[in-house]
Amino acid sequence: MHYWLMKSEPDEYSIDDLERDGVEMWDGVRNYQARNFMRDEMKVGDTVFFYHSNTKRVGIYGLAEVASRPYPDPTAFDKNDKHFDPRSKREDPTWYLVDVRFKQKFEHPITLEQMKQDKKLEGFRLLAKGNRLSVFPTEERYAKHILSLV
DNA sequence: GCCAACGTTGGC
DNA sequence: GCCAACGTTGGC
């Protein structure tokens with residue numbers, strides 16, 4: 001059982017969208033490191049912190065869980081999709097994803113500002129300078145602490 | 001909208 | 001293999 005953090009721009013896809021949909025593909029990831037985490041390390045049932053980036057109040061807005069094994073990202077094959085990647089072939093896909101299932105929306109988001117000021121989160125990858133990865137593991141000690149703040 | 005940080009591309 | 005140029009991410 002691992003913990004993950006996954007970022008989304010709420011204008012694109014928010015925790016409210018996931019609550020409405022229940023389960024959704026985490027499509028459009030076009031970064032190899034992030035892909036590798038999804039393809040090689042995620043397990044069904046892993047806990048996901050749902051982070052809103054590029055918005056007024058950035059932070060963790062709720063919880064989801066990994067709801068499928070990894071499979072090829074179909075949007076990479078779709079010419080009409082904005083995440084289309086002609087290099088990804090059906091017989092040899094470049095991009096993979098997992099499904100995520102809504103678990104919980106926090107009553108109050110745990111803001112980035114709050115986390116930055118929290119001594120117990122020193123070293124958490126989210127807070128590292130220049131971190132732009134949209135999918136990455138969250139060590140248990142940080143995960144447990146974040147959950148204690150909810 | 002700005003811009004620092006980072007990942008990718010491509011010429012050499 | 002190096003590295004400059006470019007595109008993207010994401011906080012502010």
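In what follows, chains carry the letters A, B, and so on, assigned in the order in which the sequence lines appear, proteins first and then strands, with residues in each chain numbered from 1.
- Under the 3.5 Å distance criterion, with hydrogens and angles disregarded, no donor-acceptor pair is assigned to the side chains of A:T75 and A:D78.
- Among the protein residues, A:K56 comes within range of no part of the nucleic acid, since none of its heavy atoms lies under 4.0 Å from any strand.
- With rounding to the nearest 0.5 angstrom, the CG atom of A:L63 is 11.0 Å from the CZ atom of A:F50.
- Rounded to whole Å, the distance from CD on A:Q33 to P on B:dT8 is 9 Å.
- Here A:Y51 does not reach the OP1 or OP2 of C:dT9: none of its side-chain N or O atoms lies under 4.0 Å away.
- Relative to the side chain of A:R132, the nucleotides B:dT8, C:dC12, C:dT9 differ in distance, and C:dT9 lies closest.
- Ranking B:dG7, B:dT9, C:dC12 by closeness to the A:R87 side chain, first place goes to B:dT9.
- The NZ atom of A:K7 sits 10 Å away from the C1' atom of C:dG11 (whole-angstrom rounding).
- Looking at A:D73 and A:R35, their side chains never come closer than 4.5 Å, going by heavy atoms from C-beta outward.
- Taking atom CD on A:E12 and atom C1' on C:dG10, their separation rounds to 13 Å, with Å as the unit.
- Atom pair A:R30:CZ and B:dT9:P shows a separation of 13 Å (rounding to whole Å applied).
- Spacing between atom CG of A:L133 and atom C1' of C:dG11 amounts to 16 Å, rounded to whole angstrom units.
- A:K7 places a side-chain N or O within 3.5 Å of a backbone atom of A:L133 that can act as its donor or acceptor partner.
- Counting to the nearest Å, the P atom of C:dG11 and the CD1 atom of A:I60 are 12 Å from each other.
- DNA chain B is contacted by both A:G130 and A:N54; A:N54 maps to the nucleotide lying nearer its 5′ end (nearest heavy atom per residue).
- OP1 or OP2 of C:dT8 has not a single side-chain nitrogen or oxygen of A:K82 nearer than 4.0 Å.
- Residue A:K129 places at least one side-chain N or O closer than 4.0 Å to OP1 or OP2 of B:dA5.
- Using a 4.5 Å cut-off on side-chain heavy atoms (C-beta onward), A:V44 and A:R69 make contact.
- Distance CG (A:D11) to P (C:dG10): 14 Å, rounded to an integer number of Å.
- Rounded to whole Å, atom P of C:dG10 lies 10 Å from atom CG of A:L5.
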